[in-house]
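Predicted model only: the values in this text are computed from it and were never measured.
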Amino acid sequence: KSYLFYNHEHEFRAYDYNSLEEDKVAKLKEVGVEVIKVEQGDWTHQMYFMQYGFKWKGLIESDCDIEILLDCDTIFLDNLNDLIEKIKDYELIVVPEYVKGHRAGNLFNIGLMVYKKESRYLLEQSVQRMKDEPLRNNIAPNTEMFSLCDIVEEDDINVLELDWKQYMHLWGNHLLKKTLEIQDGKFVVKNEDG
């Protein structure tokens, strides 16, 4: 709905990682969203699903020069075309992860990331690290986010971090319900605590 409302200059595509229902694919196509089927191929179940490698597989196989990766549960209430211009000067554009108002280490959230084809090597390195080190600290799966964030930090990659309060202000508390209000003719999203 945000895509339709804000009249984006650039086309959206949805990556189908796990067999979207036909009616959902039809609805996306009806509003002009291209649907790309991503196949698991020879990737293990652990790598593809448990480590969330399916996100990288779709992007690595993509033919687009620039993509803005949005999780389907990400609410955006503005036109994002300006980020496509900004990516020319950076390897990635991300929003740092915050939990209850505090920065969560070196993490950024893959729910909003701008990526260009020239940065594909970062995703390939991330996939290799996920293969070589399937567990992070021998405890939890080394996911797409953890491996990429570690590479970005270790190699001092040129990344633009967007202001989390502008782009993902609801991250302060993931658990609260969200409400949508209209103030001065604009949509505003709030946590249930206001």
Name all residues meeting the side chain to side chain contact (heavy atoms under 4.5 Å, CB included) criterion together with Asn106; count only those two or more places apart in sequence or in a different chain, and write none if there are none. Cys149, Asp150, Glu153
Could you tell me which residues satisfy side chain to side chain contact (heavy atoms under 4.5 Å, CB included) with Glu85, sequence neighbours excluded, listed by chain and number? Lys88
Quick one: list whatever passes ring pair (Phe, Tyr, Trp, His ring centres under 6.0 Å) with His45, sequence neighbours left out. Phe49
To the nearest 0.5 Å, what is the distance between [atom1] on [X] and [atom2] on [Y]?
X      : Y      : atom1 : atom2 : result
Arg136 : Asn138 : CZ    : CG    : 12.0 Å
His10  : Cys64  : NE2   : SG    : 11.0 Å
Ile87  : Ile68  : CD1   : CD1   : 9.0 Å
Glu161 : Phe108 : CD    : CZ    : 8.0 Å
Leu92  : Leu148 : CG    : CG    : 6.0 Å
Leu160 : Leu83  : CG    : CG    : 8.0 Å

Could you pull out all residues at least two apart from [X] that satisfy side chain to side chain donor-acceptor pair (under 3.5 Å)?
X      : answer
Arg13  : Tyr15, Glu34, Ser62, Asp63
Ser126 : Trp56, Ser147
Asp16  : none
Lys116 : none

Let me have the donor-acceptor pairs involving side chains of residues 35-44, under 3.5 Å, with sequence neighbours excluded, atom names and distances please.
residue	atom	partner	partner atom	Å
Lys37	NZ	Ser19	OG	3.3
Gln40	NE2	Trp43	O	2.8
Thr44	OG1	Met47	N	3.0

Without hydrogens or angle criteria, can the side chains of Gln51 and Thr143 be said to hold a donor-acceptor pair below 3.5 Å? no
Within the distance-only criterion (no hydrogens, no angle test), does the side chain of [X] pair as donor or acceptor with the backbone N or O of [Y] below 3.5 angstrom?
X      : Y      : value
Asn109 : Gly111 : yes
Arg120 : Ile60  : yes
Glu97  : Leu107 : no
Glu133 : Asn142 : no

Answer whether the closest heavy-atom distance between the side chains of Pro141 and Gln46 falls below 4.5 Å. yes
Would you check if Leu59 and Tyr115 make a side-chain contact, meaning some heavy-atom pair closer than 4.5 Å? yes
Grouping I, L, V, M, F, W and Y whenever their side-chain heavy atoms are under 4.5 Å apart, do Tyr48 and Met50 come out in a common cluster? no
Determine, using the 4.5 Å side-chain heavy-atom cutoff (strictly less than), whether Tyr121 and Ile151 are members of one ILVMFWY cluster. yes
Only counting residues at least two apart or in another chain, list the ones meeting salt bridge (charged side-chain N to carboxylate O under 4.0 Å, His left out) with [X].
X      : value
Glu61  : Lys57
Asp65  : Lys117
Glu21  : Lys24
Lys131 : none

Closest heavy-atom contact between [X] and [Y]?
X      : Y     : result
Phe54  : Tyr17 : O-CE2, 3.0 Å
Val159 : Tyr90 : C-CD2, 3.9 Å
Met130 : Gly53 : CE-CA, 3.8 Å

